[in-house]
Amino acid sequence: NAGVTQTPKFRILKIGQSMTLQCTQDMNHNYMYWYRQDPGMGLKLIYYSVGAGITDKGEVPNGYNVSRSTTEDFPLRLELAAPSQTSVYFCASLLSGGTYEQYFGPGTRLTVT
Amino acid sequence: KNQVEQSPQSLIILEGKNCTLQCNYTVSPFSNLRWYKQDTGRGPVSLTIMTFSENTKSNGRYTATLDADTKQSSLHITASQLSDSASYICVVSPFSGGYNKLIFGAGTRLAVHP
């Protein structure tokens with residue numbers, strides 16, 4: 001199993017550009033999450049999904065959109081990038097009813113200038 | 001407001017020494033408390049997960065304790081190794097939040113020097 005994979009690893013965007021961060025898991029987990037991690041701060045939940053076709057907002061959803069058309073994939077879309085979106089983004093997955101263990105991807109470091 | 005606070009923010013120890021990291025939380029009631037290790041440039045990896053009824057859980061040289069009365073948890077690292085250099089994150093899951101309302105602490109950055 002590859003676990004949770006994310007692409008790209010790094011990206012520099014100009015203000016106003018858009019991009020999609022990709023996330024894929026091969027563990028057949030129903031829950032998937034997107035977090036952002038800013039220096040010196042705890043991870044903040046952007047969006048999450050409890051299964052294909054179902055998504056919901058987390059703590060900091062503004063400026064982002066998600067979709068979940070399959071169990072495996074959970075892309076995060078940034079529209080009109082702003083410097084405040086400079087951060088490290090982590091995707092994670094979890095199997096409900098199991099051990100509560102959450103598996104994280106390696107992260108995408110995004111800089112908006 | 002549900003919060004998770006960790007101390008110290010950073011710590012330097014010599015290889016072979018023990019250390020203890022602290023986590024105080026205001027989340028109540030809660031379902032479980034986790035400790036993660038995050039290497040630089042990587043995603044967090046689970047070390048221990050304790051439900052509200054557990055007092056201690058070990059994973060090799062890592063031992064987590066939980067005192068639900070005082071709302072404190074600690075992570076004790078025994079005989080530290082250079083590879084223990086990382087950030088350690090405490091995470092609390094509120095009882096009513098399901099699997100989506102995890103509350104993350106800011107982490108303790110540990111540096112182990114030879």
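Below, chains carry the letters A, B, ... as their sequence lines are ordered, and counting in each starts from 1. Owing to the predicted nature of the structure, the values given are computational and were not obtained by experimental measurement.
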J.: For B/Ser87, is it the side chain, the backbone, both or neither that has a heavy atom under 4.5 Å from a heavy atom of chain A?
T.: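 B/Ser87 has no heavy atom closer than 4.5 Å to chain A.
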
J.: According to a 4.5 Å side-chain heavy-atom criterion applied to Ile, Leu, Val, Met, Phe, Trp and Tyr, with indirect links allowed, do A/Val60 and B/Ile103 form part of one hydrophobic cluster?
T.: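 Looking at the clustering, B/Ile103 is in a separate group from A/Val60.
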
J.: Step by step, work out the side-chain contact (heavy atoms from CB on, under 4.5 Å) result for B/Leu102 and A/Tyr48.
T.: CA-CA 11 Å; B/Leu102 304 178; A/Tyr48 69 98; over 6 Å; no

J.: Tell me whether B/Trp35 shares a hydrophobic cluster with B/Phe52, the cluster being built from Ile, Leu, Val, Met, Phe, Trp, Tyr side chains joined at under 4.5 Å.
T.: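 Yes, same cluster.
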
J.: At what distance, to the nearest 0.5 angstrom, does OH of A/Tyr103 lie from OG of B/Ser46?
T.: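 A/Tyr103 OH to B/Ser46 OG: 7.5 Å, rounded to 0.5 Å.
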
J.: Need one label for B/Gln6: side chain, backbone, both or neither, based on atoms under 4.5 Å from any heavy atom in chain A.
T.: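 For B/Gln6, no heavy atom lies under 4.5 Å from chain A.
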
J.: Given heavy-atom pairs under 4.5 angstrom as the criterion, report whether the side chain, backbone, both or neither of A/Gln37 touches chain B.
T.: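 Only the side chain of A/Gln37 comes within 4.5 Å of chain B.
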
J.: A/Phe90 versus B/Arg42: any side-chain heavy-atom pair under 4.5 Å?
T.: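 No, too far: nothing below the 4.5 Å cut-off.
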
J.: More than 12 foreign heavy atoms under 6.0 Å from CD1 of A/Ile12: is that the case here?
T.: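 Incorrect, the count does not exceed 12.
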
J.: Under 4.5 Å between side-chain heavy atoms, counting indirect links through other Ile/Leu/Val/Met/Phe/Trp/Tyr residues: same cluster for B/Leu21 and B/Val4 or not?
T.: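 The answer is yes; both residues are in one hydrophobic cluster.
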
J.: Between B/Ile12 and B/Tyr88, is there shared hydrophobic-cluster membership here, with clusters defined by ILVMFWY side-chain heavy atoms closer than 4.5 Å?
T.: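 Different clusters: B/Ile12 never reaches B/Tyr88 through Ile, Leu, Val, Met, Phe, Trp or Tyr contacts under 4.5 Å.
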
J.: Around atom CE of A/Met41, are there more than 12 heavy atoms of other residues, nucleotides or ligands at under 6.0 Å?
T.: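 Atom CE in A/Met41 is not crowded, with 12 or fewer foreign heavy atoms closer than 6.0 Å.
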
J.: Quick check on the hydrophobic clustering: are B/Leu47 and B/Val45 connected, directly or via other members, by side-chain heavy-atom contacts under 4.5 Å?
T.: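 Hydrophobic grouping puts B/Leu47 apart from B/Val45.
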
J.: Would you name the heavy atoms of B/Ala106 and A/Gly40 that are closest together and state the gap between them?
T.: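 Minimum heavy-atom contact is CB-O, 3.5 Å.
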
J.: At what distance, to the nearest 0.5 angstrom, does OH of B/Tyr36 lie from CD of A/Gln102?
T.: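 Separation between the atoms: 4.5 Å.
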
J.: Set out, in order, the CA-CA distance, both residues' side-chain angles and the distance that settles side-chain contact (heavy atoms from CB on, under 4.5 Å) for B/Arg34 and A/Glu101, then state yes or no.
T.: CA-CA 9 Å; B/Arg34 315 151 187 233; A/Glu101 186 156 358; 5.9 Å; no

